[in-house]
There are 2 protein chains.
Amino acid sequence: MPKVVDHDARRQELAEATWRLIRREGLEAVSVRKVAREAGVSPGSLRHYFTSQSELLAYALRMVGERIEQRIRSLEPGQTLEDHVQALIEQVLPLDEERATEAVIWLAFVGKALVDPELAKLATETHNALYHLFHQLIKAMVRHGALPRETDVELEARRLHALVDGLALHGVASEEPLSPQMIRQIVAHHLEQLAAKAGAVPGRGEA
Amino acid sequence: MPKVVDHDARRQELAEATWRLIRREGLEAVSVRKVAREAGVSPGSLRHYFTSQSELLAYALRMVGERIEQRIRSLEPGQTLEDHVQALIEQVLPLDEERATEAVIWLAFVGKALVDPELAKLATETHNALYHLFHQLIKAMVRHGALPRETDVELEARRLHALVDGLALHGVASEEPLSPQMIRQIVAHHLEQLAAKAGAVPGRGEA
DNA sequence: TCGCTTATGATACAGCTGTGCTAAAATGAA
DNA sequence: TTCATTTTAGCACAGCTGTATCATAAGCGA
């Protein structure tokens with residue numbers, strides 16, 4: 001009989017069990033034994049796939065990033081540029097259970113990365129990747145005339161980045177979290193306000 | 001010889017030791033023994049001031065809130081309303097070591113509150129208090145004509161709140177944190193942009 | 001069939017955890 | 001001083017932690 005699942009698929013299952021655990025009980029609750037129990041395997045077996053706990057955690061975090069990345073890549077271009085930008089941003093916001101879980105995991109890791117140099121490197125990678133995305137979005141919108149030509153791209157990218165991470169945080173807050181509707185509305189409003197001056201300033205051509 | 005310090009002062013010292021520990025090693029690293037060692041007392045002694053660990057943590061978090069609150073209260077009104085608002089917001093942003101420590105503590109607690117119902121209640125209180133402050137600020141600015149009359153106060157308060165928490169997060173990020181200058185600039189820019197339409201729309205009087 | 005690799009399960013170890021308990025020390029009033 | 005209260009220190013308990021080691025079991029090419 002052939003192997004039911006291969007090595008990588010098993011690692012992914014274990015990572016998903018880790019996600020569920022983080023989502024339910026937080027990152028601190030993640031222990032080798034609990035993850036194994038959650039995944040329905042023995043602790044010794046888990047250890048066969050991940051030599052150390054940090055290796056498991058790093059893998060679990062990396063998979064979150066890849067899942068988001070894949071979702072973004074498979075996003076077909078929207079009607080207008082603004083719609084597309086909104087759709088892109090919504091991929092990293094806790095608008096459904098799947099993305100809420102990702103947000104919780106992400107925030108938990110960032111919190112731990114504040115003091116764990118090992119995870120800090122990984123967290124910084126993801127952080128910078130997201131900033132880079134926002135930077136490109138802003139730049140593209142300026143290029144297409146959706147944003148004023150005098151827009152400070154870095155400033156707006158950092159502002160959008162902070163807003164999005166803040167919304168993610170508030171969207172998964174324990175009590176009375178920000179509703180998906182409100183989150184969407186805030187993002188839309190932010191993009192509108194960004195573009196406001198583009199309409200007000202008629203000089204869209206060369207100076 | 002009279003008592004060198006009284007009961008409450010001792011509790012405060014222990015809370016500050018807890019802060020230092022959280023700042024240095026994270027919330028997970030907080031154990032009864034470590035806090036006691038950090039404060040230079042025996043674990044048994046610590047237990048005399050705080051019956052349980054959660055009582056210590058709750059006290060430590062509450063004290064952060066009170067310190068911020070006191071800083072805000074002792075803030076003398078700025079030259080313009082915009083300056084005052086900026087100064088208020090800056091009290092909760094990691095612009096120096098003291099406020100960075102507060103931000104780390106706050107974020108650590110929020111992370112833990114995601115899964116700990118005990119702390120969730122306390123975290124929600126602080127969260128709501130900050131939202132309430134922002135709500136009042138926006139409302140005051142609208143009343144003073146610094147913001148357009150048609151401003152959606154709740155929306156803008158939530159947006160500002162998310163932005164501020166996001167900036168706090170990025171300001172204490174492990175590697176290449178957002179610089180205080182950049183944080184200040186982003187807040188100032190946000191407030192300017194908020195006010196932009198107030199100037200553009202001349203109808204400041206009755207409709 | 002044999003033999004090798006991979007996978008699994010179980011156990012053990014040292015270390016840390018929160019908390020409870022007990023006895024000593026220090027303090028302050030009588 | 002004497003006495004009662006507060007404060008401190010230390011120890012013990014049960015439980016959980018990451019990790020290492022080992023023996024068993026399963027899969028699979030020869």
Side-chain angles (χ1 to χ4, degrees), chain A residues 1-18 20-22 24-61 108-109 111-113 115-119 122, chain B residues 1-18 20-22 24-61 108-109 111-113 115-119 122:
Chain A
M1 190 180 176
K3 278 189 272 193
V4 181
V5 289
D6 66 352
H7 190 85
D8 282 350
R10 195 58 138 193
R11 280 167 69 96
Q12 184 156 335
E13 282 177 22
L14 294 169
E16 284 170 7
T18 309
R20 291 196 296 275
L21 209 52
I22 295 177
R24 229 178 30 237
E25 306 178 33
L27 186 54
E28 311 175 30
V30 173
S31 71
V32 175
R33 288 165 181 81
K34 282 189 184 174
V35 171
R37 201 182 317 142
E38 174 76 29
V41 302
S42 76
S45 183
L46 193 158
R47 199 173 142 59
H48 179 255
Y49 293 97
F50 296 98
T51 310
S52 74
Q53 183 184 228
S54 22
E55 191 187 333
L56 167 63
L57 289 176
Y59 184 87
L61 177 56
F109 269 101
K112 196 182 176 79
V115 294
D116 183 339
E118 279 285 331
L119 286 178
L122 187 52
Chain B
M1 189 178 177
K3 277 189 274 191
V4 181
V5 289
D6 67 352
H7 190 85
D8 282 351
R10 196 57 139 192
R11 281 167 68 97
Q12 184 157 334
E13 284 176 20
L14 293 170
E16 285 169 6
T18 309
R20 292 195 296 275
L21 209 52
I22 294 176
R24 230 178 30 239
E25 307 178 31
L27 185 55
E28 311 176 32
V30 173
S31 72
V32 175
R33 288 165 181 82
K34 281 189 185 175
V35 171
R37 201 183 315 143
E38 174 76 27
V41 301
S42 75
S45 183
L46 192 157
R47 200 175 141 60
H48 179 255
Y49 293 98
F50 295 99
T51 311
S52 74
Q53 183 184 230
S54 23
E55 192 186 335
L56 167 63
L57 289 177
Y59 185 87
L61 177 57
F109 270 100
K112 198 182 174 76
V115 293
D116 184 338
E118 280 284 331
L119 286 177
L122 188 50

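Each chain gets a letter, A, B and so on, in the order its sequence line appears, and its residues count up from 1. Since the model is a prediction, treat every value here as computed from it, not as a measurement. Any value given below was found using the heavy atoms of this structure, including those in side chains, with hydrogens, waters and symmetry copies removed.
- The side chain of B:H48 contributes no N or O atom lying less than 4.0 Å from OP1 or OP2 of D:dA9.
- B:R10 has its side chain within reach of B:E13: a pair of non-hydrogen atoms, C-beta onward, lies under 4.5 Å apart.
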- Begin from the C-alpha positions of B:V32 and B:F50 and carry the test side-chain contact (heavy atoms from CB on, under 4.5 Å) through to its verdict. CA-CA 10 Å; B:V32 175; B:F50 295 99; over 6 Å; no
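- For B:P117 against B:V115, the heavy-atom pair with the smallest separation is CD-O, 3.3 Å.
- The minimum heavy-atom distance between B:D8 and B:Y59, with the atom names listed, is O-OH, 4.0 Å.
- Considering all non-hydrogen atoms of both residues, B:L14 and B:A39 come closest at CD2-CB, 3.5 Å.
- Between the CZ atom of A:R10 and the P atom of D:dA26 there is a distance of 15 Å, given to the nearest Å.
- Atom CZ in A:F50 sits roughly 13 Å away from atom P in D:dT19 (whole-Å rounding).
- Distance CZ (A:R11) to P (C:dT6): 15 Å, rounded to an integer number of Å.
- Regarding B:D6, its CG atom lies at a distance of 15 Å from the P atom of C:dT27, rounded to whole Å.
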- Query: Once each nucleotide of nucleotides 17-24 of chain C is scored for protein heavy atoms under 4.0 Å, what B/S/- sequence comes out, 5' to 3'?
  - Reply: BBBB----
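- Relative orientation of the B:H7 and B:Y49 rings is tilted, given thresholds of 30° and 60° on the angle between their planes.
- Contact detail for A:P43 and A:R33: the closest heavy-atom pair is CG-CG, 4.1 Å.
- Regarding A:H7, its NE2 atom lies at a distance of 6 Å from the P atom of C:dA7, rounded to whole Å.
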- Message: Run A:L27 and A:L57 through side-chain contact (heavy atoms from CB on, under 4.5 Å) and show every step you take.
- Response: CA-CA 9 Å; A:L27 186 54; A:L57 289 176; 3.8 Å; yes
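- Distances were taken from every side-chain heavy atom of B:S45 (C-beta onward) to each of D:dT8, C:dG9, C:dA7; the shortest belongs to D:dT8.
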- Message: Both atom distances under 3.5 Å, Watson-Crick or G-U wobble: I'd like the secondary structure of DNA chain D as a dot-bracket string, with | for pairs made across strands.
- Response: .||||||||||||||||||||||||||||.
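- Between B:E25 atom CD and C:dC16 atom P there is a gap of 12 Å when expressed in whole angstrom units.
- In terms of heavy-atom proximity, B:A60 sits nearest to B:A15 at CA-CB, 4.1 Å.
- Residue B:Y49 contributes atom OH, which lies 8 Å from atom C1' of D:dT6 at whole-angstrom precision.
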